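In this text the structure is predicted, and so the values were computed from the model without any measurement.
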Amino acid sequence: PVAAADVRRGQASQLAVEGRFNDALVSLDAARQVLLDADELLGASQASLDLAQLYDWLGDLDRALATVAEVRVRTEHL
């Protein structure tokens, strides 16, 4: 599942480039959840940051900042 989540993250980038933003958001969120469930903190954090970047690009700054804050809390002990 972790390898598939990494592939899904890559696919999400392509979906965003193609303008398929909803599909990209769903894919990134699903990848993030798989990585969190597997205790892959760094991968989950990167997926979250990818989500935040997409939210920012779409103009949803509040959601982007909340996602970044979530990553910060999750990784402050590293």
Side-chain angles (χ1 to χ4, degrees):
V2 172
D6 287 334
V7 169
R8 223 170 161 163
R9 266 190 60 227
Q11 291 172 336
S13 297
Q14 183 60 37
L15 291 169
V17 167
E18 294 171 4
R20 297 172 57 193
F21 303 114
N22 288 336
D23 292 334
L25 290 170
V26 169
S27 186
L28 281 171
D29 191 50
R32 177 182 65 158
Q33 192 57 55
V34 167
L35 293 163
L36 283 172
D37 291 345
D39 288 327
E40 292 287 336
L41 188 57
L42 293 177
S45 296
Q46 185 58 55
S48 293
L49 292 174
D50 292 344
L51 271 170
Q53 183 178 21
L54 190 50
Y55 290 142
D56 178 52
W57 194 86
L58 293 170
D60 192 346
L61 301 182
D62 291 335
R63 204 169 201 181
L65 288 173
T67 303
V68 170
E70 174 189 310
V71 170
R72 184 174 181 198
V73 167
R74 205 179 317 138
T75 58
E76 49 187 16
H77 69 281
L78 296 180

Give the intermediate values and the outcome of side-chain contact (heavy atoms from CB on, under 4.5 Å) for residues Tyr55 and Leu25. CA-CA 9 Å; Tyr55 290 142; Leu25 290 170; 3.5 Å; yes

Give the C-alpha distance, both sets of side-chain angles, the deciding distance and a yes or no for side-chain hydrogen bond (donor to acceptor under 3.5 Å, both in side chains) between Asp37 and Gln33. CA-CA 6 Å; Asp37 291 345; Gln33 192 57 55; 2.9 Å; yes

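Across Ser48 and Thr67, no two heavy atoms sit closer than the pair O-CG2, 3.1 Å. Taking every heavy atom of both residues into account, Ala24 and Ala16 meet most closely at CB-N, 3.9 Å. Among all heavy-atom pairs drawn from Pro1 and Val34, the shortest one is O-CG1, 3.5 Å.
Distance check, rounded to the nearest 0.5 Å: CD of Glu40 to CG of Asp6 gives 8.0 Å. Here CG of Asp62 is found 11.0 Å from CG of Asp56. Values are rounded to the nearest 0.5 Å. Leu41 CG to Leu35 CG: the interatomic distance, rounded to the nearest 0.5 Å, is 10.0 Å. Between the CG atom of Leu51 and the CD atom of Glu70 there is a distance of 9.0 Å, given to the nearest 0.5 Å. We find the CZ-CZ distance between Arg32 and Arg8 to be 12.5 Å, quoted to the nearest 0.5 Å. Remark: Arg20 CZ to Leu15 CG distance equals 5.0 Å, nearest 0.5 Å.
In this structure, Arg72 places its CZ atom where only 12 or fewer heavy-atom neighbours from other residues, nucleotides or ligands lie under 6.0 Å away.
When only modelled atom types and interatomic distance are considered, Asp50 and Gln46 share a side-chain donor-acceptor pair under 3.5 Å.
Residues Val26 and Val7 fall into different hydrophobic clusters, defined by Ile, Leu, Val, Met, Phe, Trp and Tyr side chains chained together at heavy-atom separations under 4.5 Å.
Under the 3.5 Å distance criterion, the side-chain polar atoms of Ser27 are left unmatched by any main-chain donor or acceptor of Asp23.
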